[in-house]
Amino acid sequence: MRAKSIFRLRVEPIDLDATLGCGQAFRWRRDPDGSWTGVVGHSILRLSASRGGLTVDPIAASPCAKKDLSTYLRVSDDIASVQRSLGRDGVLSRGILQVSGLRLVKMDEWECLISYVLATYANIPRIKAMIDSVATAFGDEILDGVHAFPNINDLREASTEDLNRCGLGYRAVYLRSICEVLEPRGLDRMKRLSYADLRDELKELSGVGDKVADCVALFGFGRLEAFPIDVWMKRALSRLYGVTGSYAKLSEFARLRFGCFAGYAQEYMFYNERSLATAGRCIFSEE
DNA sequence: GCCCAGGAGTGTG
DNA sequence: CACACTCATGGG
């Protein structure tokens, strides 16, 4: 830990409410003043919007906090280029301009894998609770009861009783199996794989099916062509494009329609679908 | 109490 | 390939 000093991060455009509150990342909370506090690596960071980027208050910062956050928020993504590409789609074209500050996040691969295995068949508040519970039980304490996400060895050593206290339900078995089967450098090795091979290898892990594999490919490995399809996305695809069917069919549709930035298209649509459900707002036109 | 959840695994037709 | 069923549990 270094001395705490506020720093700035140049990133534009960015909308913290959309990016951190849309349900792609689970370790953030919105403060009453509109700033967001969360855990990235071994840092606790409080982010607030300021001209040209963010002001970051490192409540507890590891030496590489700024670099970690830059990676996490995908600062080097050319959002204008993404929007130009996706904007050719008649359905997305107007809506995406209204949430141009919605950025994909790039999580640690391991944290992403476990987070999305825990996320199966649970709502977002519960997912956050499960992840907090696992971090508190098994991760390094950073400061004042806030813990880093546990690494594979932390979870391997977890006792059954401690794990059962985390309220994971049947997901605990998946978590156990993954710790047992995955080689220590297994995820590092997967970084070199093509998207198709990455998906196939991830799906060999128990608790990882089509959807979780795509989430890990997108939010963990940064494969922007991945297009995770959950119940919200099925609804969105049905309503906006009139397409229904199996995962393979919807996936093929998305790949052809959105191409190499399908992941961003997915996040815009996911954001829209949930804000539609919670606030009754639809920012996309229907064909 | 009821409904549903950023599904996966397994079995069957 | 598609579908049906089960799985354990808590937030809204």
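Values reported hereafter were calculated over all heavy atoms of this structure, with side chains retained and with hydrogens, waters and symmetry mates removed. Convention: sequence-line order gives letters A, B, ...; per-chain numbering from 1.
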Would you mind reading off the distance between A:Phe26 atom CZ and B:dA5 atom C1', rounded to a whole angstrom? 12 Å
With a 3.5 Å cut-off and no angle check, do the side chains of A:Ser48 and A:Thr55 form a donor-acceptor pair? no
Counting heavy atoms not belonging to A:Asp33, are there more than 12 under 6.0 Å from its CG? yes
Can you name the side chain to side chain contact (heavy atoms under 4.5 Å, CB included) partners of A:Thr160, sequence neighbours left out? A:Asn164, A:Arg176
By side chain to side chain contact (heavy atoms under 4.5 Å, CB included), which residues pair with A:Leu97, not counting sequence neighbours? A:Gln83
A:Arg189 vs A:Glu201, test: salt bridge (charged side-chain N to carboxylate O under 4.0 Å, His left out). Steps then yes/no. CA-CA 11 Å; A:Arg189 191 181 49 75; A:Glu201 288 217 13; 3.0 Å; yes
Before you tell me yes or no, could you show the steps for A:Arg29 and A:Asp31 under salt bridge (charged side-chain N to carboxylate O under 4.0 Å, His left out), namely the whole-Å CA-CA distance, both residues' side-chain angles and the distance that decides it to 0.1 Å? CA-CA 6 Å; A:Arg29 69 159 202 275; A:Asp31 306 312; 3.4 Å; yes
All pairs passing side-chain hydrogen bond (donor to acceptor under 3.5 Å, both in side chains) where residues 202-214 of chain A contributes a residue, at least two apart: A:Ser177-A:Ser206, A:Tyr195-A:Asp214, A:Arg199-A:Asp210, A:Arg199-A:Asp214, A:Lys203-A:Asp210, A:Asp214-A:Tyr247
Whole angstrom is fine here: how far is it from CD in A:Glu204 over to C1' in B:dG9? 15 Å
Might you confirm whether atom CZ of A:Arg94 has over 12 heavy atoms from other residues, nucleotides or ligands at distances under 6.0 Å? no
Counting only side-chain heavy atoms from C-beta out, which of B:dG9, B:dA5, B:dG6 sits nearest to A:Ser206? B:dG9
DNA chain B: 5'-proximal contact among A:Ala122 and A:Gly207 (nearest heavy atom): A:Ala122
Take the protein atom CG of A:Asp214 and the nucleotide atom C1' of B:dA8, then report the distance between them rounded to whole Å. 14 Å
Whole Å only: how far is the CG atom of A:Asn123 from the P atom of B:dG7? 10 Å
Is it true that the side chains of A:Asp89 and A:Tyr241 contain a donor and an acceptor less than 3.5 Å apart? yes
Step by step, work out the salt bridge (charged side-chain N to carboxylate O under 4.0 Å, His left out) result for A:Glu252 and A:Arg255. CA-CA 5 Å; A:Glu252 172 76 354; A:Arg255 191 177 64 76; 3.2 Å; yes
Between residues 266-281 of chain A and DNA chain B, which residues have a heavy-atom gap below 4.0 Å? A:Gln266, A:Glu267, A:Phe270
Taking a hydrophobic cluster as the set of Ile, Leu, Val, Met, Phe, Trp and Tyr residues connected by side-chain heavy atoms closer than 4.5 Å, whether directly or through intermediates, do A:Phe7 and A:Tyr72 fall within one such cluster? yes
Identify whether any heavy atom of A:Tyr247 sits under 4.0 Å from a base atom; if not, whether one sits that close to sugar-phosphate; answer base, sugar-phosphate or nothing. nothing
Partner residues of A:Lys67 under the side chain to side chain contact (heavy atoms under 4.5 Å, CB included) criterion, sequence neighbours left out: none
State which residues pass side chain to side chain contact (heavy atoms under 4.5 Å, CB included) with A:Thr136; sequence neighbours excluded, sorted by chain then number. A:His147
Decide if the gap between the ring center of A:Phe227 and the ring center of A:Phe270 is smaller than 6.0 angstrom. no
Close approaches to DNA chain B from residues 222-234 of chain A, in residue order (heavy atom, under 4.0 Å): A:Pro228, A:Asp230, A:Val231, A:Trp232, A:Met233
Rounded to the nearest 0.5 Å, how far does CG of A:Leu102 lie from CD of A:Glu267? 6.0 Å
Residue list, ring pair (Phe, Tyr, Trp, His ring centres under 6.0 Å) with A:Phe284, at least two apart or on another chain: none
P atoms of B:dG6 and C:dT6, separation to the nearest Å: 23 Å
Expressed in whole Å, how much space separates the P atoms belonging to C:dG10 and B:dG9? 22 Å
Which is the 5'-most and which the 3'-most nucleotide of DNA chain C that has an atom under 4.0 Å from a heavy atom of chain A? C:dA2 to C:dG12
Rounded at 0.5 Å granularity, tell me how far OH in A:Tyr264 sits from CG in A:Leu104. 4.5 Å
Restricting to nitrogen or oxygen on both sides, can you table the protein-nucleotides 10-12 of chain B pairs closer than 3.5 Å?
none

Using whole Å, what does the distance between atom C1' of nucleotide B:dG6 and atom CG of A:Leu118 come to? 13 Å
Return the 5'-most residue of the pair A:Pro125, A:Tyr121 with respect to DNA chain C, ranking by each residue's nearest nucleotide. A:Tyr121
Quick check on the 6.0 Å ring-centre criterion: do A:Tyr170 and A:Tyr121 meet it? no
I need the CZ-C1' distance between A:Phe219 and B:dG6, as an integer number of Å. 8 Å
Contact list for DNA chain B against residues 155-183 of chain A - heavy-atom distance below 4.0 Å: A:Tyr170, A:Tyr174
Under a 4.0 Å heavy-atom cut-off, which of residues 14-22 of chain A touch DNA chain C? none
So what does A:Leu205 hit on the nucleic acid, given a heavy-atom distance under 4.0 Å: a base, only sugar-phosphate, or nothing? sugar-phosphate
Between A:Arg27 and A:Asp132, is there a side-chain N and carboxylate O pair less than 4.0 Å apart? yes
Contact class for A:Val212 vs. all strands (heavy atom < 4.0 Å): base, sugar-phosphate, or nothing? sugar-phosphate
